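Just below is one structure, and these are the notes that go with it.
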Amino acid sequence: MEISYASPSASSLASSNSALSSMPSSTRPVKVIPLQHPSTTSSSSPAGGYSAGVLVKKWTGKVKQMTWINWMELLLPCSRWIRTYKWREYLQSDLLSGITIGIMLVPQAMSYAKLAGLQPIYGLYSGFLPLFVYAFFGSSRQLAVGPVALVSLLVSNVLGGIVNSSEELYTELAILLALMVGVLECVMGLLRLGWLIRFISHSVISGFTTASAIVIGLSQVKYFLGYDVSRSSKIVPLIESIIAGADGFLWAPFIMGSVILAVLQIMKHLGKTRKHLRFLRVAGPLTAVVMGTTLAKVLNLPSISLVGDIPQGLPKFSVPRSFEHVKSLIPTAFLITGVAILESVGIAKALAAKNGYELDSNQELFGLGVSNVVGSFFSAYPTTGSFSRSAVNHESGAKTSLSQIVTGIVMGGALLFLTPLFEHIPQCALAAIVISAVITLVDYDEAIFLWRINKKDFLLWVITAITTLFLGIEIGVLIGVGVSLAFVIHESANPHMAVLGRLPGTTVYRNIQQYPEAYTYNGIVIVRIDAPIYFANTSYISDRLREYEVEVDRSTGRGPDVERVYFVVIEMAPVTYIDSSAVQTLKDLYQEYKLRDIQIAISNPNRDVLLTFSRSGVVELIGKEWFFVRVHDAVQVCLQHVESLKETTKRPVSSPNDASTYIQRLVKSRNEDLSTVFLNLLLNGILHFFSLLGSEEQETGP
């Protein structure tokens, strides 16, 4: 619906623009869409959205509508795929993918346990029971849970600073850490706090994983070189230790490890590039173990260290101990939880999108937490979703979490029957498996991409990678997250703003920097604010508005030829929120504009913003007639006022009553000094006196 809007005369502008008070009404009506102002008394909900009562009512209504099937799916997400399982179509794929991941996980689990500073058996324990628990409580159907390289490095890093890895306390703390991580994940999942991790930039994660991969690779070099290297998460001590122990270098483990690593990389490359050789990627770790064990038995070289005795049988129930060290483990527990959210939930969402089902990230976090809590009572250290195994699981055709159960059965079989065979696996073979896995984490392609796309994100990647390498994992993550948040705050405190112009032949207004053909109108500045307005950015927005008022590009201006700005139209469609500080700033800005005979017009505010304006008195202060649905409506009304002003300034004679108004505006707009003001007053008074004297002589004349 449109209404005719004739430009008002003195009544609408008297409170804001004394210079326009005497202008005549325009004869050309302007059709504008009326803006619906919300009533401040019709709703008790806050301007920001729903009240607590409304939210509680909505939540209780949703709970009442839930059926027993909904409750079952909420408590046991596995019921979603169990109810709809297509046995003939899915069973073969799930069995094949489960066996494939099991073959891949057995050697990887032992390798990652060694990376964590634990005996290989604890890697097998961590790859056994947590898989069954996650299959029931996790919502992803393709995510492969178990030990991963990054979490293993974090465990080694924190526990190595507390106790020697050869002591029993080291193993107890690793199991206790699994319990703490599981509790944190469960709490965050239940409280639906998974959104907190969104504040960590992808650049931070990429830089962190790249640096961590380098540290992991260097930490495994000792099994290639044949001598001990100091345990550290910093690159400098690692390199110094490698150089210092060069006298103990042994050729046998170096050659064997290098050959196995080369075979792994070739098999991985062929598996990725040749579809008919995809099985080679999966068989790589098992091939490394078989090759290493065979060479070790055939050559029987004393310089090649072996895994040694591995206990046979399933893990037994035991309560985690050493709770007196909980305080020192809290930072690492939070860090591992963050890595779990970033790595696992991110992978799970991507796989869910590819396979056409929805995934609740908070439910996923809860499932990971339960698997860690239960695993800690059966001698498992922290686990999470694996990127590489999840990708293989998806490529192998896994349809449901039944593949996880099959993988768990394979791990159980390995624990029951195959551990005597693992005693002769060379340490360098396990190290080669770890190095081969982490090579893909060195994401230099991402760094090149960021350099081309966004230099700020590239800088964030570099800062995170360098600080992680040289200052350690915890400090590197903290600095990376801190810089990432600083960038977010900077962007929020300095939002994008644009001067808009009208595209020729349309009523559409766009950024004149992006669309050079767009034209503006003389005497009117149209500004769009592309962010919420709150206490942190009000000063910046005010300064930019003042700049736009002064820096007017008259080369693209159309309409009446006026010398200055009389109207500022603020397009508020992108403004989703406005706080009390922003309201006060707008009031101050209105008063400042009023002194310079400038009128503010507001275009297209959303309901919440308009409700805030109404309750704070901004609508009454500016005037309802200066709130518009479209920018074009605001421009047309303002343009009529500018045209009327142009006609007023063309009149040759001004009445004596206008003298003071004119001088007042002259003083405020040009900031003349006090002597000039008095001089102008004196001259106008003398002229007025002589005009009166002349009129009296004419009346008394002949």
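All figures in this text were calculated on a predicted structure; none of them were measured in a lab. The basis for the numbers below is simple: all heavy atoms, side chains too, and nothing from hydrogens, waters or symmetry mates.
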*Side-chain contact test, heavy atoms from C-beta onward, threshold under 4.5 Å: evaluate it for Gln427 versus Lys222 and give yes or no.*
no

*Just jot down the side chain to side chain donor-acceptor pair (under 3.5 Å) partners of Thr464, sequence neighbours excluded, or say none.*
none

_Sidechain-backbone polar pair: Ser396 side chain, Val392 backbone, donor-acceptor under 3.5 Å_ = yes

*Roughly how far, to the nearest 0.5 Å, is CG of Leu295 from CD1 of Ile255?*
11.5 Å

*With side-chain hydrogen bond (donor to acceptor under 3.5 Å, both in side chains) as the test, would you mind laying out the steps for Gln142 and Ser390 before giving the verdict?*
CA-CA 6 Å; Gln142 285 80 29; Ser390 298; over 6 Å; no

*Among Asn372, Val373, Leu190, which one satisfies side-chain contact (heavy atoms from CB on, under 4.5 Å) with Glu185?*
Asn372

*Interatomic spacing from CE in Met291 to CG in Leu264 - rounded to 0.5 Å*: 8.0 Å

*asked:* Would the distance check show the side chain of Tyr112 and the main-chain N or O of Leu153 forming a donor-acceptor pair, the cut-off being under 3.5 Å?
replied: no

_Taking every non-hydrogen atom, the tightest pair across Ile260 and Gly292_ = CD1-CA, 3.9 Å

*Taking atom CG of Asp445 as the centre, does the number of heavy atoms from other residues, nucleotides or ligands within less than 6.0 Å exceed 12?*
yes

*Closest contact, heavy atoms only, Arg281 versus Ala391*: NH2-CB, 4.2 Å

_Angle between ring planes, Trp461 versus Phe458, binned at 30° and 60°: parallel, tilted or perpendicular?_
parallel

_Side chain proximity check, Val229 to Ser219, heavy atoms < 4.5 angstrom_ = no

*Examine distances only and state if a side-chain atom of Ser371 and a backbone atom of Leu368 form a donor-acceptor pair shorter than 3.5 Å.*
yes

*asked:* Whether the Tyr381 and Ser152 side chains hold a donor-acceptor pair (N or O, under 3.5 Å, no angle test) is what I'd like checked.
replied: yes

*Which heavy atom of Pro130 sits nearest a heavy atom of Ala380, and at what distance?*
CG-CB, 4.3 Å

*Would you say Leu421 and Thr293 make side-chain contact, with heavy atoms under 4.5 Å?*
no

*asked:* Can you tell me which residue among Ser386, Ser126, Pro382, Ser111 is in a side-chain contact (heavy atoms from CB on, under 4.5 Å) with Pro147?
replied: Ser126

_Those residues that, when tested against Tyr444, pass ring-ring contact (aromatic ring centres under 6.0 Å, His included) (two or more places apart)_ = none

*Side chain Thr407, main chain Ser403, donor-acceptor under 3.5 Å*: yes

*Rounded to the nearest 0.5 Å, what separation is found between the CD atom of Glu491 and the NZ atom of Lys456?*
3.5 Å

*asked:* Show, in sequence, the C-alpha distance, side-chain angles and deciding distance for Leu105 and Leu131, and conclude whether the side chain to side chain contact (heavy atoms under 4.5 Å, CB included) test is met.
replied: CA-CA 11 Å; Leu105 179 57; Leu131 276 67; 4.1 Å; yes

*Could you tell me which non-hydrogen atom of Asp443 sits nearest to which non-hydrogen atom of Ser206, and how far apart they are?*
OD2-OG, 3.4 Å

_Phe224 vs Ser258 side-chain heavy atoms within contact, under 4.5 Å_ = yes

*asked:* Any heavy-atom pair between the side chains of Tyr170 and Ile162 that's under 4.5 Å?
replied: no

_Return the CD1 to CG distance between Ile330 and Leu177, rounded to the nearest 0.5 Å._
11.0 Å

*Let me see the working for Asp247 and Tyr227 under side chain to side chain contact (heavy atoms under 4.5 Å, CB included), right down to the final yes or no.*
CA-CA 9 Å; Asp247 294 339; Tyr227 57 87; over 6 Å; no

*Return yes if a side-chain donor-acceptor contact under 3.5 Å exists between Thr400 and Asp94, otherwise no.*
yes

*asked:* Could you check whether any side-chain N or O of Glu364 sits under 3.5 Å from a backbone N or O of Ser140, counting only pairs where one atom can act as donor and the other as acceptor?
replied: yes

_Thr171 and Ile175: CA distance, side-chain angles, deciding distance, side chain to side chain contact (heavy atoms under 4.5 Å, CB included) verdict_ = CA-CA 6 Å; Thr171 303; Ile175 296 171; 4.1 Å; yes

*Quick one: are Lys268 and Ser436 in side-chain contact, heavy atoms under 4.5 Å?*
yes

*Between His325 and Ser328, which heavy-atom pair has the shortest distance, and what is it?*
O-OG, 2.8 Å

*Exam field: side chain Thr440 to backbone Ala437, donor-acceptor pair closer than 3.5 Å*: yes

_Is it the case that atom CD in Glu324 sees more than 12 heavy atoms from other parts of the structure closer than 6.0 Å?_
yes

Tell me which donor-acceptor pairs under 3.5 Å the side chains of residues 299-323 have, and how far apart each pair is, sequence neighbours excluded?
unit_1	atom_1	unit_2	atom_2	d
Gln312	NE2	Leu416	O	2.5
Arg321	NH2	Glu172	OE2	3.2
Ser322	OG	Glu172	OE1	2.6

*Under 3.5 Å, side chain of Lys114 to main-chain N/O of Leu430, donor-acceptor pair present?*
no

*Gln119 and Tyr125: side chain donor to acceptor below 3.5 Å*: no

*asked:* Can a donor-acceptor pair be found, under 3.5 Å and without considering hydrogens, that links the side chain of Tyr357 to the backbone of Arg141?
replied: yes

*Using a 4.5 Å cut-off on heavy atoms from C-beta on, say whether the side chain of Leu159 contacts that of Leu329.*
yes

*Looking only at heavy atoms, which two atoms of Pro426 and Met256 are closest? And how far apart?*
CG-SD, 3.9 Å

*Indicate whether any N or O donor in one side chain lies under 3.5 Å from an N or O acceptor in the other, for Gln404 and Asn393.*
no

*Please tell me if the side chains of Val236 and Phe470 come closer than 4.5 Å, counting only heavy atoms from C-beta onward.*
yes

*Okay, side chain of Asp457, backbone of Ser203: is any donor-acceptor separation there less than 3.5 Å?*
no

*Supply the atom-to-atom distance Met188 CE to Thr337 OG1, rounded to the nearest 0.5 angstrom.*
7.0 Å

_Leu143 vs Ser344, test: side chain to side chain contact (heavy atoms under 4.5 Å, CB included). Steps then yes/no._
CA-CA 8 Å; Leu143 186 70; Ser344 301; 4.2 Å; yes

*Any chance you could measure Ile235, atom CD1, to Glu240, atom CD, to the nearest 0.5 Å?*
11.0 Å

*N/O donor-acceptor pair under 3.5 Å between Thr287 side chain and Ala283 backbone*: yes

